[in-house]
Colleague: 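One structure is given below, represented as structure tokens, and several questions about it will come after.
Not measured: the values here are computed from a predicted model.
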Amino acid sequence: MKVAELMVGEVRTCRPENSLLDAARLMWEGNCGCVPVVDEAGRPVGMLTDRDLAMSAFLRGRALHEIPAGDVMTRDVHCCQASDSIEAVQTVMRTHQVRRVPVVTDQGTLAGLVSLGDIARASGDVPGAGERRRLADEFLATCRAFRRARPVAGDTLRPAPPLTRSRLWGRRLRVR
């Protein structure tokens with residue numbers, strides 16, 4: 001399966017000089033959690049997530065309309081093309097720990113966006129139990145890659161504790 005078969009084609013974008021309020025409005029109206037930031041030619045130069053908006057307003061103590069998107073956006077954008085396979089996109093997601101990847105044309109302009117959710121939905125539509133199982137295993141490996149190590153004293157890294165249901169829900173679960 002190729003990226004073109006599951007990507008979202010119409011993506012709301014903003015420019016680096018737009019305010020975070022403009023980006024928040026785009027996210028609200030589009031019911032999405034991120035907005036690619038593009039230059040005047042339509043090439044992605046950054047990504048802006050709803051978490052970026054919330055944390056920057058909180059940490060700076062300023063209103064969203066006072067902060068330009070270019071000050072907050074993630075500048076390291078990892079893209080793919082519509083002809084790439086799902087496995088190739090998941091490799092990008094795992095390697096760079098990103099949940100959304102812009103899809104670009106041969107000229108580098110934004111053509112769409114593919115998310116981890118798009119891949120999850122598409123893997124259920126694949127014919128054949130073996131292929132579905134392979135895609136499910138690949139998807140789980142991608143999800144596991146997002147578990148980051150936590151810093152501790154002395155600038156050393158220690159792996160996060162194992163992911164369990166009780167850790168997911170924040171409480172112990174009783175099974176009877």
Side-chain angles (χ1 to χ4, degrees), residues 1-16 18 20 22-24 26-39 41-59 64 67-126 134-151 157 159-160 162-163 167-168:
M1 186 176 282
K2 300 292 182 194
V3 170
E5 299 174 48
L6 55 112
M7 73 179 198
V8 174
E10 290 188 28
V11 180
R12 296 169 185 261
T13 63
C14 71
R15 302 277 306 274
N18 291 125
L20 293 187
D22 296 332
L26 289 171
M27 288 181 201
W28 177 262
E29 291 170 355
N31 191 25
C32 58
C34 81
V35 174
V37 182
V38 297
D39 63 10
R43 293 182 301 261
V45 294
M47 289 291 282
L48 195 58
T49 66
D50 47 5
R51 184 177 190 282
D52 294 333
L53 285 124
M55 293 308 294
S56 63
F58 170 73
L59 293 173
L64 292 178
I67 306 170
D71 289 358
V72 179
M73 69 183 187
T74 301
R75 295 180 188 282
D76 196 15
V77 183
H78 305 283
C79 300
C80 69
Q81 293 195 324
S83 59
D84 290 345
S85 68
I86 293 176
E87 293 83 3
V89 173
Q90 289 185 92
T91 300
V92 170
M93 291 177 169
R94 277 195 304 273
T95 304
H96 302 289
Q97 293 191 347
V98 293
R99 290 171 172 79
R100 301 167 186 103
V101 177
V103 181
V104 294
T105 64
D106 292 335
Q107 294 76 32
T109 59
L110 187 68
L113 191 72
V114 63
S115 71
L116 200 55
D118 297 330
I119 293 171
R121 281 187 293 279
S123 62
D125 296 336
V126 174
R134 189 184 64 72
L135 285 176
D137 290 344
E138 183 86 15
F139 177 77
L140 286 173
T142 302
C143 291
R144 286 187 194 107
F146 294 118
R147 301 200 55 243
R148 299 175 190 216
R150 292 183 287 168
L157 291 178
L163 187 59
R167 284 194 41 77
L168 279 173

Colleague: Using 0.5 Å steps for rounding, measure from the CD1 atom of Ile67 to the CG atom of Leu53.
Modeller: 8.5 Å

Colleague: Looking only at heavy atoms, what is the nearest atom pair of Ile119 and Gln90, with distance?
Modeller: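 Closest approach of Ile119 to Gln90, heavy atoms only: CD1-CG, 3.8 Å.
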
Colleague: Ignoring hydrogens, what is the shortest heavy-atom contact between Val45 and Pro16? Give both atom names and the distance.
Modeller: CG2-CG, 4.2 Å

Colleague: Measuring from Thr74:OG1 to Asp52:CG, what's the distance to the nearest 0.5 Å?
Modeller: 5.0 Å

Colleague: Can you list the residues that meet the salt bridge (Lys or Arg N to Asp or Glu O under 4.0 Å) rule with Arg43, with sequence neighbours excluded?
Modeller: Asp39

Colleague: Is any side-chain heavy atom of Val11 less than 4.5 Å from a side-chain heavy atom of Val103?
Modeller: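 No - every pair of side-chain heavy atoms lies 4.5 Å or more apart.
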
Colleague: Could I get the full list of side-chain contact (heavy atoms from CB on, under 4.5 Å) partners for Glu5, not counting sequence neighbours?
Modeller: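 Only Met1, Lys2 meet the side-chain contact (heavy atoms from CB on, under 4.5 Å) criterion with Glu5.
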
Colleague: Of the options Leu48, Asp71, Val72, which is the one that meets Ser56 in a side-chain contact (heavy atoms from CB on, under 4.5 Å)?
Modeller: Val72

Colleague: Is any side-chain heavy atom of Val101 less than 4.5 Å from a side-chain heavy atom of Met93?
Modeller: yes

Colleague: For Glu29, what residues pass the salt bridge (Lys or Arg N to Asp or Glu O under 4.0 Å) criterion, not counting sequence neighbours?
Modeller: Arg12

Colleague: Heavy atoms only: give me the nearest Arg75-Gly70 pair and the separation to one decimal.
Modeller: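 Looking at all heavy atoms of both residues, the shortest contact is NH2-O, 2.5 Å.
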
Colleague: Determine whether Val77 and Pro102 make a side-chain contact, defined as any pair of heavy atoms from C-beta on separated by less than 4.5 Å.
Modeller: yes

Colleague: What's the shortest heavy-atom distance between Cys80 and Val114, and which atoms?
Modeller: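 In terms of heavy atoms, the two residues are closest at SG-CG1, 4.2 Å.
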
Colleague: So does Ala69 get a backbone contact from the side chain of Arg15, meaning a donor-acceptor N/O pair under 3.5 Å?
Modeller: no

Colleague: Looking only at heavy atoms, which two atoms of Met47 and Cys34 are closest? And how far apart?
Modeller: CE-SG, 3.6 Å

Colleague: Could you state the interatomic distance from CG (Asp118) to CG (Leu6), rounded to the nearest 0.5 Å?
Modeller: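 With rounding to 0.5 Å, CG (Asp118) is 6.0 Å from CG (Leu6).
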
Colleague: Please list, chain by chain and in numerical order, all residues satisfying side-chain contact (heavy atoms from CB on, under 4.5 Å) with Val104, sequence neighbours excluded.
Modeller: Pro44, Cys79, Gln81

Colleague: I'd like to check Thr49 versus Arg99 (side-chain heavy atoms, cut-off strictly below 4.5 Å). Are they in contact?
Modeller: no

Colleague: Please give me the minimum heavy-atom distance between Gly112 and Leu110, naming the atom from each residue.
Modeller: O-CD1, 3.4 Å

Colleague: Can you list everything that forms a side-chain contact (heavy atoms from CB on, under 4.5 Å) with Cys32? Sequence neighbours excluded, please.
Modeller: Met27

Colleague: Among all residues two or more places apart in sequence or in another chain, which pass the salt bridge (Lys or Arg N to Asp or Glu O under 4.0 Å) test with Asp22?
Modeller: Arg25

